[in-house]
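The structure displayed is predicted, hence computed values, not measured ones. Chain letters run A, B, ... following the sequence lines, proteins first and then strands; every chain starts at 1.
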Number of protein chains: 2
Amino acid sequence: MATVQSVVRAFSVLEVLSAGPAGVSDISAQTDLPKSTVSRLLSTLERIGAVDRLLEGTNYRLGSGLIEILGTSGAPKTLGRSVQPHLEQLAMKSGEAAGLAVPDSYSVQYVTQVESPEPVQVRDYSGLSLPMHVGPSGLVIMSRWPLELLQHYLVRPLEAFTKHTVTDPMEIIERLKRFRAAGYGWVYEEFAEGINSVAAPLLDRRGSPIGAIHIHGPAFRFPGKGDPDRIGALLVEEVRRYSLRAESA
Amino acid sequence: MATVQSVVRAFSVLEVLSAGPAGVSDISAQTDLPKSTVSRLLSTLERIGAVDRLLEGTNYRLGSGLIEILGTSGAPKTLGRSVQPHLEQLAMKSGEAAGLAVPDSYSVQYVTQVESPEPVQVRDYSGLSLPMHVGPSGLVIMSRWPLELLQHYLVRPLEAFTKHTVTDPMEIIERLKRFRAAGYGWVYEEFAEGINSVAAPLLDRRGSPIGAIHIHGPAFRFPGKGDPDRIGALLVEEVRRYSLRAESA
DNA sequence: GCAGATGTTCCACGATGTGAAACGGCATCC
DNA sequence: GGATGCCGTTTCACATCGTGGAACATCTGC
């Protein structure tokens, strides 16, 4: 697996900048790269438009050119656009809202949501960011994490969103094992009172999670009399169909 | 100005991918790079998480990891966050809505808008994408373009949004000269009936446009009796203040 | 089975990226 | 005002690292 070091380095520079504007020395310190190297990389990134410097400013910031390079709303656009039809399928079959979420370090970003056909339905969570352990999408993503990463997450204090939120590390680990084995996971009123949800992870070819698809509905009718496992299987089936599909546009 | 070629190449690969998923050969053809090089770059980008491959897919797509690397909403976040106070200033002083727009190749992306305090006001245009020549933000950005780029733009057919939209290339060029000299530009009901707007460009240290700040209001009262040039000067002053300010967060 | 795709790996070559050190600016401080 | 410290940029000799043609595996469809 050949890897181009200057590219990797360029991205670690960008990563530092994503936290806010910074100068060469600053970045050099944070990345353990020599100043000269950082300066050179920044020059390159500036030419491309990936970073900018304002008129009088002495320090760099992420550039507006990134929009041009990466498309208007960045990465999830492609992903979001291509899962859309599958979300619609799921929303129709289940009668509840279906959505896409992507990992963002220790949080989960809710990207899209297709509404349920029912008049009474969950609110649109698009745009929301949630800790990994409170929602089903986060949990199924975590179920694919290497152990080490998981430990790093679990030693931190874990916030509870409702009285049902599971925050005990041991219990979470047990749960993740089950989720991983099943390929999906249920969560009952853990991130919001009155809402139950299932999610299944979207994996890349190496098995790393790049996102999750979920269905959530009001607790009084979802999953209701429907078999939780059947709904889970539905989800898994749709994910499989998605990853099989050859994308063109 | 030293520039690291592999990084430049990596970004041209990403740029191709921003148009949609593609394979190695495809990208190789579009970038004029050898297949082996493209393959190597993609491996690297995949390691980082800048691109993904789905389970069965044979082709690459922009990765959800970009969110993680570049921050949730990417580039405009930093820019948007730091101009926010200045937009508020402008909205207060002018009594109308103030916003930020960034260039996206031949279009302009409206990123943020601070509402006018008035009950009657223009709608929130955030998220909208507009051709360069119809709005004031696009025009002031164009006024900073090198001649060659401008010509490329103007030979294409230019859409009219209202009956006031200026679409004659010669007329546009004349206008851009004036805008550039003044440092700001007015547009009267050209992108929407009933709305007048001013904009001033945000420049990096080399004088290239990285965005534009604008004020727009209902035509019946804006600029009204106020002197258009005074409002323009207000805008320019605020931009100057912005670029002087040293950012930390 | 072959033809024509795909993406990946190999490897000799040298262009290209590297980083310590020198440089030039711009503050601040005494 | 000269000394000192910080900044980002440039230089330059070195060899690492990226390069790309060609060979190699798959896979698909004729």
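A pairwise comparison of heavy atoms in A/L45 and A/A10 identifies CD1-O, 4.1 Å as the closest pair.
Looking at residues two or more places apart in sequence or on another chain, you find a side chain to side chain contact (heavy atoms under 4.5 Å, CB included) between A/S208 and A/D204, A/R206. Every residue meeting the side chain to side chain donor-acceptor pair (under 3.5 Å) condition with A/D229, not counting sequence neighbours, appears here in chain and number order: A/Y184. Partners of A/E237 under the side chain to side chain donor-acceptor pair (under 3.5 Å) rule, at least two apart in sequence or in another chain, are A/R241. For A/S94, the side chain to side chain contact (heavy atoms under 4.5 Å, CB included) criterion is met by A/E96, A/I215, not counting sequence neighbours. Applying the side chain to side chain contact (heavy atoms under 4.5 Å, CB included) test to B/L234 and every residue at least two apart in sequence or in another chain returns B/L90, B/K93. Here B/R9 pairs with nothing under the side chain to side chain donor-acceptor pair (under 3.5 Å) rule; sequence neighbours left out. Scored by the side chain to side chain donor-acceptor pair (under 3.5 Å) test, B/S197 finds no partners at all (sequence neighbours excluded). By the salt bridge (Lys or Arg N to Asp or Glu O under 4.0 Å) test, A/R175 pairs with A/E190, sequence neighbours left out.
Within 4.0 Å (heavy atoms only), A/S25 reaches sugar-phosphate atoms of the nucleic acid but no base atom.
Summary for the helix from C/dT16-D/dA15 to C/dC30-D/dG1: the axes at its two ends, each from 5 pairs, differ by 0° when rounded to the nearest 10 degrees.
Atom CZ of B/R53 and atom P of C/dT6 are 15 Å apart (whole Å). Following rounding to the nearest Å, A/E46 (CD) and D/dT9 (P) show an atom-to-atom distance of 8 Å. Residue B/D26 contributes atom CG, which lies 14 Å from atom P of C/dT8 at whole-angstrom precision.
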Protein-proximity profile, nucleotides 14-23 of chain C, B/S/- by nucleotide at the 4.0 Å heavy-atom cutoff, equals --SSBBB---

Return the polar atom pairs (N/O with N/O) between nucleotides 24-29 of chain C and the protein under 3.5 Å, or none.
none

* Asked: Going through the checks in order, is the side-chain contact (heavy atoms from CB on, under 4.5 Å) test met by B/V51 and B/V13?
  -> CA-CA 10 Å; B/V51 303; B/V13 167; 5.9 Å; no

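OP1 or OP2 of D/dT9 lies within a sub-4.0 Å distance of a side-chain N or O belonging to A/Y60.
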All N/O donor-acceptor pairs, side-chain side in residues 137-157 of chain A, below 3.5 Å, sequence neighbours left out:
| unit_1 | atom_1 | unit_2 | atom_2 | d |
| --- | --- | --- | --- | --- |
| A/S137 | OG | A/H214 | ND1 | 2.7 |
| A/S143 | OG | A/V140 | O | 2.6 |
| A/H152 | ND1 | A/E148 | O | 3.2 |
| A/Y153 | OH | A/M132 | N | 3.1 |
| A/Y153 | OH | A/H133 | N | 3.2 |
| A/Y153 | OH | A/H133 | ND1 | 2.8 |
| A/R156 | NH1 | A/Y153 | O | 3.4 |

